Amino acid sequence: GKVVQCLSNYTFPPDFRFGVATASYQIEGAWNTDGKGESIWDRMTHQHPDFFFNGDVAADSYHLYKEDVRALKELGVGVYRFSISWPRILPTGDVDVVNKLGIAYYNNLINELLANGIEPMVTMYHWDLPQALQDIGGWPNQVIADYFEEYARVLFTHFGDRVKLWLTFNEPLSFCAGYGEWRAGAPGIDAHGIGDYMSAHTVLHAHARVYHLYDNVFRKKQKGQIGITLDSEWADPFDGTVESKEAAERELQFQLGWFAHPIFSSEGDYPRVMKERILNNSLKEGRTRSRKEVKYVQGTSDFFGLNHYTTNLARSGAVGETPSLIRDAGVQMILDPSWPSSASAWLKVVPWGFRKLLVWIAKEYNNPPVYVTENGFSDHGELRDTNRTKYITSYLSELLKAIHEDGCNVIGYTAWSLIDNYEWMSGYTEKFGMYYVNYSDPARPRVPKDSSRVMAEIIRTRQLPQQYSQEDDVKLGI
Ligand code: GBH
C-alpha cells in the first residue's frame, strides 16, 4: 500500500548551519590553467578516455565562481562547502613551488563569499592528489602524511585569517578504495585488502598531523574549527536473526568505524571486530602478520563531518575476493526493490536510515557535534526536480527527529550539490545539482531547479514546507 510522506513540524535550532557543497575536480575545470599541476584524476581520465569522462572543463567554476556565489546568495545559505585543489596550490605536491595564481583564485572565491555574507567551509582533500605524489606511491606511502601537513600549513597561512571551518579529508572510505579496486576511482590500483588498508593508515595519521598543526600553531590566532568528513550508508539487518543483526553492526564498523573509531571513540584504535577478522583472515591466508597495523589518533576532530546518502540491508555471508575489505567484513549488502530509485544504482531513497545512523553515531561516539557535510539525490537534470525536493525534505525531516526526539547533536547540513557537476565514474550522466548546468553550452549557465527554491524556503523559514507532506504519494518513509 501507499505510505504518505509525513514531514516533521519541528524547526531547526537557531544556530543550525545551512549550506550546499561542491568539490574542486567536480566543478572547477581549468585543469592545466595558470600553473595548476596534474592530479591523479587528470592522469586517469586522460589515460583512459574510452572509459572515463573528465573534469577538464567541468562547470568551469575556475572562471565562473562569481556565478556560483550568485546562486549561493539566491539560496540564502550561511555556509558554502568547497574543496581546494592541492595541485592548483602546489603543482609538484611539495612546497618548492607555491602557485601564486592558485592562491589568488581561492582568495577571490573566499573574499566573494564573505562579501556576500557566506561562510567558507574548506575541504583540503576531495580526492585530487598531485600526480607527482602518486609517482612516489600515493597514500599507501606514509611519507605522504608529511606532504599533506606542509600543504595544510600553506592553506592555514594563506586562508586561515578568513576560513574558520576546515575539513582535512572528504570520505577516506571512498578514496582509499582507489588503492583497492581499479573500478573505484583514481589512481585505480588493484591491491584490495592491502593498498586500501595501508592508505587508510596514512590518511588517519595525516589527519591527526594537521589537527595538531592547527592546535599548536594556528588555532590560538585564527580561532577556527577543524574536522574530518566520513561517509557511511546505514546497514539495516536483513531479517530478525542474530546473524543479520551482527552483520549490520559489522558493516557499520567496516564502513564508518574504520575511520571514526580511531578518532572519536573513547577506546581509540581501529574497531575490535575489524582487527580480529583481518588478523584471522590474514593468518588463514598464510601471512605471518595482519594486513593491518595499529595507530592512535584519538580526539583529533572538533566535530564529526558526515556524508550520508542511502541504506542497505545487511546479512552475514561471504563476498569479494581474498584478500579484500568486503571479504574481511563478511557482509552481503542488499537493496530492497521497494525503495524508490534515483539515477545512481547505489542510491535508494530511505530517509529513516539517516535517523538510525545519526542515533548510532551519537551512541557509539558519545554524541559528538555532527555536521552533515553531504546528502543529496541524483536524477537526469530535470528543472522540475520533484524527486530531489522529496528526498531533501524527507531526509531533513528525519534529521529534525534525530535532534528533537533522540537528542542527537546535529549542528549543520550542506546539501550535495550546488550545481550539476562531474560525477566521478559516472561522468555527467548523474546530476545532483540544485542548479542545472547545460554541459553543451560553453557559457555553462547556472539555472535554478525547483529544489533550489524549496531549499531557499527551508533556510529562510527554518522549517520544512508543509505542502510537501500533503501531495506526496511516493513511499519515502514510515
Ligand atoms: C559523495 O560520495 C562524494 O563525496 C561526492 O564527491 C559525490 O559527487 C557524491 O557522493 C555523489 O555520488 O558506483 O556502485 O561502486 C558518496 C559515497 C561512495 C557513493 C562510492 C557511491 C560508489 C558506488 N559514494 N559509491 S558504485
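Bear in mind the structure is a predicted one, so any value in this text is a computation, not a measurement. Ligands are counted one by one from 1 in listed order, and the atoms in each one are counted from 1 as well.
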Subject >> Contacting atoms of ligand 1, where contact means under 4.0 angstrom from a heavy atom of D231 >> reply: 17 (C)

Original post:
Can you list the atoms of ligand 1 that are under 4.0 Å from a heavy atom of Q26?
Top reply: 5 (C), 6 (O), 7 (C), 8 (O)

**OP:** Assert yes or no for the condition that the ring centre distance of H48 to W182 is strictly below 6.0 Å.
**Re:**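 Yes, the ring centres sit under 6.0 Å apart.
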
Original post:
Taking the six-membered ring for Trp, are W258 and Y197 ring centroids under 6.0 Å apart?
Top reply: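 Centroid separation for W258 and Y197: below 6.0 Å.
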
Original post:
Does S174 have a non-hydrogen atom less than 4.0 Å from ligand 1?
Top reply: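 A heavy atom of S174 does come that close to ligand 1.
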
Original post:
Would H126 count as a contact of ligand 1 if the rule is a heavy atom under 4.0 Å away?
Top reply: yes

May I ask you to decide if the ring planes of [X] and [Y] are parallel, tilted or perpendicular, using 30° and 60° as cut-offs?
X    : Y    : value
W41  : Y422 : perpendicular
F12  : F16  : tilted
W346 : Y309 : perpendicular

Have a look at ligand 1 and work out which part of [X], if any, has a heavy atom under 4.0 Å from it: side chain, backbone, both or neither.
X    : result
E374 : side chain
E423 : side chain
N170 : side chain

Subject >> Option with minimal heavy-atom separation from atom 22 (C) of ligand 1, where the choices are F175, F377, W346 >> reply: W346

Subject >> Member of T386, T389, T393, N387 meeting the side chain to side chain contact (heavy atoms under 4.5 Å, CB included) criterion with S451 >> reply: T389

**OP:** Looking only at protein heavy atoms, identify the closest one to atom 16 (C) of ligand 1 and say how far it is in Å.
**Re:**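 Ranked first by proximity to atom 16 (C) of ligand 1 is E171 OE2, 3.3 Å.
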
Original post:
Which residue holds the protein heavy atom closest to atom 9 (C) of ligand 1, what is that atom called, and what is the gap in Å?
Top reply: Y309 OH, 3.2 Å

Original post:
Does the ring of Y62 carry R88 above it, NZ/CZ under 6.0 angstrom from centre and within 45° of its axis?
Top reply: yes

Original post:
Between N367 and N409, is a side chain to side chain donor-acceptor pair (under 3.5 Å) present by the stated rule, with each step listed?
Top reply: CA-CA 6 Å; N367 207 10; N409 188 12; 5.4 Å; no

**OP:** Would you check whether W424 has a nitrogen or oxygen atom less than 3.5 angstrom from a nitrogen or oxygen atom of ligand 1?
**Re:**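 Indeed, backbone or side chain, W424 has an N or O that close.
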
